[in-house]
Amino acid sequence: MFETSLTWNDVLFLLQGAGTTLTITFWAVLGGTILGMLFGLARATAPWWLNAPIGFVLDILRSVPLLIQFVLANSFKSILKLNVTAFTVGCVVLALYTAAYCAEIVRGGILAVPPTTRRAARSLGMTYTQDLTNIVFPIALRVALPSWIGLTLGVMKDTALVLWIGIVELLRSSQILVTRLQEPLFILSIAGLIYFLMSFPIARLGARLEKRWREND
Amino acid sequence: DKLDDIIASGVLRCAVVLDFPPMGSRDEKNQPVGFDVDTCNDLAKALGVKAEIVETPFPDRIPALVSDRADVGVASTSDTLERAKTVGFSIPYFAFKMVILTREETGINTYENLKGKKTGSTSGTFEAIALEKDVKAWGGGSFRPYQTQADVFLALSQGQIDATVVTNTVAHAVVKSGKYKGFVVKGDAPYVTDYVSLIGLRQEQGLLNYLNLFVNQQVRTGRYKELFEKWVGGEAPDLTVKGVYY
Amino acid sequence: MLNYTFHWRPALNALPDMLGGALVSLQIAVLSMVIGVVFAVFLALGRQSNNKLFYGFSTGWVELARNTPALFQVYMTYFGLGSFGIQLDSYVALLAGIAFNNAGYLAETFRGGLRAIPHTQTRAARSLGMSAPQAFRLIVLPQMFRIVFYPMTNQMVWALLMTSLGVTVGLNTDLTGVTQDLNVRTFRTFEYFAIAAIIYYLLAKFITLSSRLFAWRLFRY
Amino acid sequence: MIELKDVRKSFGSLEVLKGVSLTVQKGEVLSVIGGSGSGKSTMLMCINGLEPIQGGQILVDGIDVHARGTDLNKLRQKIGIVFQQWNAFPHLTVLENVMLAPRKVLGKSKREAEEIAVKQLTHVGLGEKLKVYPSKLSGGQQQRMAIARALAMSPDYMLFDEVTSALDPQLVGEVLDTLKMLSEEGMTMILVTHEIRFARDVSDRVAFFHKGLIHEIGAPEQVIGNPQKPETIDFLKSVL
Amino acid sequence: MIELKDVRKSFGSLEVLKGVSLTVQKGEVLSVIGGSGSGKSTMLMCINGLEPIQGGQILVDGIDVHARGTDLNKLRQKIGIVFQQWNAFPHLTVLENVMLAPRKVLGKSKREAEEIAVKQLTHVGLGEKLKVYPSKLSGGQQQRMAIARALAMSPDYMLFDEVTSALDPQLVGEVLDTLKMLSEEGMTMILVTHEIRFARDVSDRVAFFHKGLIHEIGAPEQVIGNPQKPETIDFLKSVL
Ligand SMILES: Nc1ncnc2c1ncn2[C@@H]1O[C@H](COP(=O)(O)OP(=O)(O)OP(=O)(O)O)[C@@H](O)[C@H]1O
Ligand SMILES: Nc1ncnc2c1ncn2[C@@H]1O[C@H](COP(=O)(O)OP(=O)(O)OP(=O)(O)O)[C@@H](O)[C@H]1O
Ligand SMILES: [Mg+2]
Ligand SMILES: [Mg+2]
């Protein structure tokens, strides 16, 4: 009935690609979140002369197709003769891209903390940093987490674009198999399924977490 | 310089296109094989270093080189003057004839028949540039550049395009593989022979010199014929151009 | 240290071609939004429908659109549908892929927007004798559009950025396609793509600003 | 004439109306008072068919509201209703709010609809606010606009559901004045309200609702001035 | 002792405090009344240094609050303050809300902090709600929690800023009872409030604020019972 020349070996090859996708996602989200938190904090609290240029750069990162950013960064790296792999370039570009979005999320979360709550903290004798770490961040986290999970999922999907700078991730490995086996629909469907399986549970988890927190406050 | 760097690092990184059989492809274990892969291995052996294959889609060959992801390109790169402004070419290490690949029922028999038809080819290749120019000159019909050779075949088999112009080696290999039903080779495209070269960074004269000598040695020692027999079969094309020094 | 010389002059000569490509990109983005919005309204209704089939179809669409890469979706509309014998032109395939993606994301936005409108509004409309479709069209939809307008603007920018994926299905008339064509001809990657990046940025700003103007004109209340 | 015959209505397992019977004659003003959750709003919603009923019958001018064949959209044109809040369509100007239904439901021309709307808005004292969006109106003005909007359909009956209870105290008066004006013009009205004094002044009859049933009904002097049942007495004590 | 000497405070070009002088002795309860926007909240914020001042001086136990070298965080430990609303830290349980400052600011051990917190929460009648999140509390309970949270720092002074004005009427009582209890225990308090009757009962002195100035100050019987200035009379008429 249904025949395929796809072997277990090939499925493994696909899973390897999926592994690469996850690895890049991990680094990009990690780096992007750390940077995003710094930028976001600056965006929420810094004076305009620091805030405006940061906002401008982040805005550019959000307004240029990721594909173009990858290609540009990759060629710029070689112009500078930096000795880093395409993998690193991919991670760095994605991390910056993630940071650009993360910063807005963090900023929104921080600004969502009512100033009166912060004032209450300060009036108890807490320092500015204590207020930030004990009051502002935990509250902002609840506001920001759903969007942050959405961002993570978005980044995972955007990793597909690193195939342009020669990294064999999930989509690229499926293309390689399509080249060899000539069963595009079948193989692409499997790739799609893997993407779905990777992101759907996280999406659900995020929705659950959000609901639970909502019940709490 | 680069040549020293390669020898010092002990690794030669070759940019190779792996969806371009028989020059480069993957076997059942998804490992790279092909004429270009063997050539790279030979070059590494000559240098006394290990070979590392960096897979690059066609449009990415020279960017890969310029961006220092690869040391040399063993990737069937046509030696156009436009590109020579950016990268350095060795003497030709292979030569292609262009043929028309189409499906049986399209009724295309000659290059002239391509007028008004849906055509396509691999973005950035010699034949793509030539074909697109002709399609534009004809007016009517269409030309689609794809990012990989595989996508071109996929498009041809699905009917997204009616014909493509490809190198004779690829055309015969794909017809012989039997993976695409109804693919037929119909006649030559009237282009000049497509000489392809190894590529390196434009300013790395030392490396380019070495590559020139390496190609020369491959032919001289018969290794060129041997590899041609292994991957393509038949008469190996002449790599010299009559009436002019390289 | 830098032994790469920038060739800006030939790159700038190609500017008219690239601007032509930018126009195509913008066109695809706009069309994909129009199509996406229409489908999204139905999907949003489907997600709240009691009809199992309608609900299942809408949910499937939305989840697929949101949980797979846009690149994958575009690739599928071209080569995936192609293996069923449905041959879309590159332009159409890209448009369909982005519209599919837009519809999936917007459907969820719209659903949120619908929920934000108190159902007393529908009730007030019905009590004036309006039919259910009339109440939806005249009272609920216009209010929903105000709520979702800002997210829609964002989606529009994303749609523009997604047009860059057309190059994977053989499109060479949009901005990225034109840029890539120039790139493979000359291998001056950085120069051409840098110009493309600037054009994309300006286009994105153009979309944001004009939609702000639009919103200001439109939502006077 | 509006007739309710032993009307029963439940939300799931919660029975909200437990057999309500009631007749409102043409030209009559009936006030409905009663505690929160007693089912007053629900009854109004059932009268113009916004909520289905589970038992009994509701007749408006002899037409069975909840019969299968009844054209509810047409029926509702006869019955204007104004709710507690969220009445205004925020995306339309005051004039457009009032014009919308005459145009779309009655199929009037733009000119006709505008004429009607201006007339009704002037009637309720909003003649100056035609081009303004509802968000720029006070709560009392919004409620008067909602009344004008209902009147623009030339209804035979008007139902009012606590139209003043979401308003600031100083705005209540202007809305009550409008209601009074309507009652003096002879409009048939059912008035759910917490303004006991106003109910006494303006109504022909008052009905006291308690837990889904009408406990007392009669002339205002009787139900409000001289209540008989302990529930009525308690309720009046708590609100007066 | 809290002393304000000719304090001036502006937001941009808006002068909110126009030279306020005031002394509150140890153990005294001072109520501050006055119209909305008269600068009452601003004054409290200046007293514990949450807002800078532009002129005059504020001394708390002889320490100049707005002097350059003053350790504000330390000073604020002496001065508890409870605001009108949004007091609770929503991400912490009631117990954690109260424990946080003793632990982080006073550096108490977890056990000690918990002991203090439980004691203060029981004191304000929330001994049963330790593990609950603030969102599950009524407004009155939230305010009492905020009071306990301030008390947990063992302050010498407590400032209350209209702690009941955002509450439903039936919840006001429980909070006022807590305040009364505190005043009876001898806590020094400044109480900004609209509850005139309560102010009369509980305070040693009452100050009437008007447009950034203290218009009248004195015993409650005098300021509330027998006001002299026309502004005070007007204000009292409007709120009583
Ligand atoms: N859509 C609904 N779904 C479920 N229960 C409802 C719904 N609408 C009303 N109820 C319930 O029906 C009961 C009667 O509600 P109704 O709004 O008719 O009371 P009411 O007399 O108008 O009260 P109020 O004076 O507070 O407006 C209440 O217990 C209410 O909770
Ligand atoms: N952060 C601020 N920035 C600018 N203006 C402010 C700020 N805080 C308060 N004001 C202004 O200062 C004036 C006094 O405000 P304040 O809150 O002290 O009044 P209040 O007496 O507490 O009034 P209420 O009884 O309404 O609480 C008001 O006009 C207010 O608008
Ligand atoms: Mg009601
Ligand atoms: Mg205040």
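Just so it is clear: chains get the letters A, B, ... in the order the sequence lines come, proteins before strands, and each one is counted from 1.
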> Can you tell me how far the CG atom of Leu124(A) sits from the CG atom of Asn97(E), to the nearest 0.5 Å?
Replying inline: 9.5 Å
>> If I measure from the heavy atoms of chain A, does Glu96(E) come under 4.5 Å with its side chain, its backbone, both, or neither?
In response: neither
> Would you find more than 12 non-hydrogen atoms of other residues, nucleotides or ligands less than 6.0 Å from Lys119(E) atom NZ?
Replying inline: no
> Counting only N and O atoms by type, is there a donor-acceptor contact under 3.5 Å from the side chain of His91(E) to the main-chain atoms of Val136(A)?
Replying inline: no
Show which side-chain atoms of residues 33-48 of chain A pair as donor or acceptor with protein atoms under 3.5 Å away, not counting sequence neighbours.
residue  : atom : partner   : partner atom : Å
Thr33(A) : OG1  : Val29(A)  : O            : 2.5
Thr33(A) : OG1  : Trp148(A) : NE1          : 3.1
Arg43(A) : NE   : Glu104(A) : OE2          : 3.3
Arg43(A) : NH1  : Asn51(A)  : OD1          : 2.6
Arg43(A) : NH2  : Glu104(A) : OE2          : 3.4
Thr45(A) : OG1  : Leu41(A)  : O            : 2.6

>> How long is the straight-line distance from CD1 of Ile47(E) back to OG of Ser123(A), given to the nearest 0.5 Å?
In response: 13.0 Å
>> Please report the interatomic distance CD1(Ile135(A)) to CZ(Phe89(E)), rounded to the nearest 0.5 Å.
In response: 3.5 Å
> Does a sphere of radius 6.0 Å around CD in Glu128(E) hold more than 12 heavy atoms from other residues, nucleotides or ligands, not counting ones at 6.0 Å or beyond?
Replying inline: no
> Would you say the side-chain atoms of Gln130(A) pair up with the backbone N or O of Lys104(E), donor to acceptor, closer than 3.5 Å?
Replying inline: yes
> What distance do Thr127(A) atom OG1 and Arg76(E) atom CZ have between them, rounded to the nearest 0.5 Å?
Replying inline: 10.0 Å
>> Please classify the contact between Ile79(E) and chain A as side chain, backbone, both or neither, with a heavy-atom cut-off of under 4.5 Å.
In response: backbone
>> I'd like to know whether CZ of Phe76(A) has more than 12 heavy-atom contacts from other residues, nucleotides or ligands below 6.0 angstrom.
In response: no
>> Let me confirm one number: the CE-CE distance from Met153(E) to Met126(A), rounded to the nearest 0.5 Å.
In response: 8.0 Å
> Could you give the distance from CD1 (Ile81(E)) to CZ (Arg122(A)), rounded to the nearest 0.5 Å?
Replying inline: 13.0 Å
> Heavy-atom distance under 4.5 Å to chain A: side chain of Leu50(E), backbone, both or neither?
Replying inline: side chain
> Around Lys78(E), counting heavy atoms of other residues, nucleotides and ligands shown, do more than 12 lie under 6.0 Å from its NZ?
Replying inline: yes
